[in-house]
Amino acid sequence: QVHVVESGGGLVQPGGSLRLSCIPSGMTRRLFGISNMGWYRQAPGKQRELVALIDTEGGTTYADFVKGRGTISRDNVKNTMILQMNNLDFEDTAVYYCNIDAPSWAGGTYWGQGTQVTVWS
């Protein structure tokens with residue numbers, strides 16, 4: 001059974017950085033390697049929105065609000081996905097979720113429980 005765990009959230013001052021990690025325990029390296037994945041976030045009172053995606057070839061897509069200050073990456077050996085975001089501001093306060101889009105025959109989409117990021121001064 002796959003259990004997606006995010007880590008790295010917390011309190012960050014404006015202008016600071018965060019590094020979020022996503023590890024799907026119980027997922028084989030093979031399945032991880034053939035899954036697209038990404039980060040989403042949900043701020044209070046708002047809908048969940050895409051932050052960044054990374055496909056199986058390492059191709060990336062970023063939301064406009066994170067372009068130039070965010071990097072998504074994956075390590076198919078360590079079964080880990082990373083989101084690095086810099087120059088944070090108050091609007092980045094949200095719960096950040098890891099999403100793993102595995103093939104349907106392998107269970108489909110997996111979500112983590114989310115990790116809270118709060119930007120405050």
Side-chain angles (χ1 to χ4, degrees):
Q1 182 138 5
V2 175
H3 180 55
V4 178
V5 179
E6 303 100 336
S7 62
L11 298 175
V12 184
Q13 290 190 327
S17 299
L18 63 79
R19 180 180 171 86
L20 303 180
S21 298
C22 171
I23 297 177
S25 64
M27 181 174 282
T28 65
R29 217 179 268 179
R30 173 178 175 262
L31 182 56
F32 187 90
I34 61 173
S35 298
N36 297 316
M37 53 194 67
W39 288 94
Y40 292 74
R41 71 184 189 183
Q42 187 166 16
K46 296 186 177 181
Q47 290 189 332
R48 192 172 297 189
E49 61 181 354
L50 172 70
V51 179
L53 298 172
I54 186 165
D55 64 25
T56 58
E57 301 298 321
T60 56
T61 302
Y62 295 95
D64 287 344
F65 62 78
V66 76
K67 287 180 180 178
R69 62 187 186 102
T71 302
I72 187 172
S73 60
R74 62 190 291 168
D75 185 328
N76 291 344
V77 174
K78 296 181 179 179
N79 272 28
T80 302
M81 179 176 63
I82 300 292
L83 176 68
Q84 174 78 35
M85 280 182 65
N86 304 314
N87 196 24
L88 295 172
D89 65 25
F90 299 112
E91 293 182 350
D92 293 313
T93 295
V95 178
Y96 285 72
Y97 296 92
C98 170
N99 170 268
I100 296 179
D101 191 20
S104 58
W105 55 262
T109 296
Y110 298 93
W111 289 93
Q113 291 297 308
T115 184
Q116 176 70 48
V117 173
T118 302
V119 182
W120 74 295
S121 61

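Between Tyr110 and Met27, the closest side-chain pair of non-hydrogen atoms falls below 4.5 Å. Residues Leu20 and Glu6 fail the side-chain proximity criterion, which asks for heavy atoms closer than 4.5 Å.
A chain of hydrophobic side-chain contacts below 4.5 Å, direct or via other Ile, Leu, Val, Met, Phe, Trp or Tyr residues, connects Met85 to Val119. In the hydrophobic cluster analysis, where Ile, Leu, Val, Met, Phe, Trp and Tyr join through side-chain heavy atoms closer than 4.5 angstrom, Val117 is grouped together with Val4. Hydrophobic clustering, with ILVMFWY side chains joined whenever heavy atoms are under 4.5 angstrom apart, keeps Ile23 apart from Val77. Hydrophobic clustering places Val12 together with Val66 (ILVMFWY residues linked when any side-chain heavy atoms are closer than 4.5 Å, directly or through intermediates).
Ser17 meets the side chain to side chain donor-acceptor pair (under 3.5 Å) test with Asn86; sequence neighbours excluded. With sequence neighbours left out, the side-chain contact (heavy atoms from CB on, under 4.5 Å) criterion links Pro103 to Leu31, Ile34, Ser35, Trp105, Ala106. Here Tyr97 pairs with nothing under the ring pair (Phe, Tyr, Trp, His ring centres under 6.0 Å) rule; sequence neighbours left out. Shown here are the side chain to side chain donor-acceptor pair (under 3.5 Å) partners of Thr118, two or more places apart in sequence or in another chain: Gln116. Applying the salt bridge (Lys or Arg N to Asp or Glu O under 4.0 Å) criterion to Arg29, with sequence neighbours excluded, gives no partner residue. Remark: Lys46 pairs with no residue by the salt bridge (Lys or Arg N to Asp or Glu O under 4.0 Å) rule, at least two apart or across chains.
Taking both residues in full, the closest heavy atoms of Phe32 and Asp75 are given as CE2-O, 3.6 Å, listed atom of the first, atom of the second, then distance. Listed here is the closest heavy atom pair of Val2 and Pro24: CG1-CB, 4.1 Å. Residue Ile72 comes nearest to Gly38 through the heavy atom pair CD1-CA, 4.1 Å, listed as atom of the first residue, atom of the second, then distance.
Here disulfide bond (SG atoms under 2.5 Å apart) pairs that include residues 32-76, with residues two or more places apart or in two chains, number zero. Counting only residues at least two apart or on different chains, the disulfide bond (SG atoms under 2.5 Å apart) pairs with a member in residues 41-99 are Cys22-Cys98. Within the structure, every pair that satisfies the ring pair (Phe, Tyr, Trp, His ring centres under 6.0 Å) test and touches residues 35-64, not counting sequence neighbours, is listed here: Tyr40-Trp111. Legend: salt bridge (Lys or Arg N to Asp or Glu O under 4.0 Å) pairs involving residues 97-121, not counting sequence neighbours: none detected.
We find the OG1-CG distance between Thr115 and Leu83 to be 11.0 Å, quoted to the nearest 0.5 Å. For the atom pair Met81 CE and Arg74 CZ, the distance stands at 8.5 Å (nearest 0.5 Å). With values rounded to the nearest 0.5 angstrom, Asn99 atom CG is found 9.5 Å from Asn36 atom CG.
Listed by chain and number, the hydrophobic cluster partners of Trp120 are Leu11, where partners are ILVMFWY side chains within reach of under 4.5 Å, directly or through others.
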Table please: side-chain donor-acceptor pairs of residues 48-59 below 3.5 Å, with sequence neighbours left out.
unit_1 : atom_1 : unit_2 : atom_2 : d
Glu49  : OE2    : Arg41  : NE     : 2.8
Glu49  : OE2    : Arg41  : NH2    : 3.3
Asp55  : OD1    : Glu57  : N      : 2.9
Asp55  : OD1    : Gly58  : N      : 2.9
Asp55  : OD1    : Gly59  : N      : 2.7

* Asked: What do the steps show when you test Leu88 against Arg69 for side chain to side chain contact (heavy atoms under 4.5 Å, CB included), and what is the final call?
  -> CA-CA 8 Å; Leu88 295 172; Arg69 62 187 186 102; 4.0 Å; yes
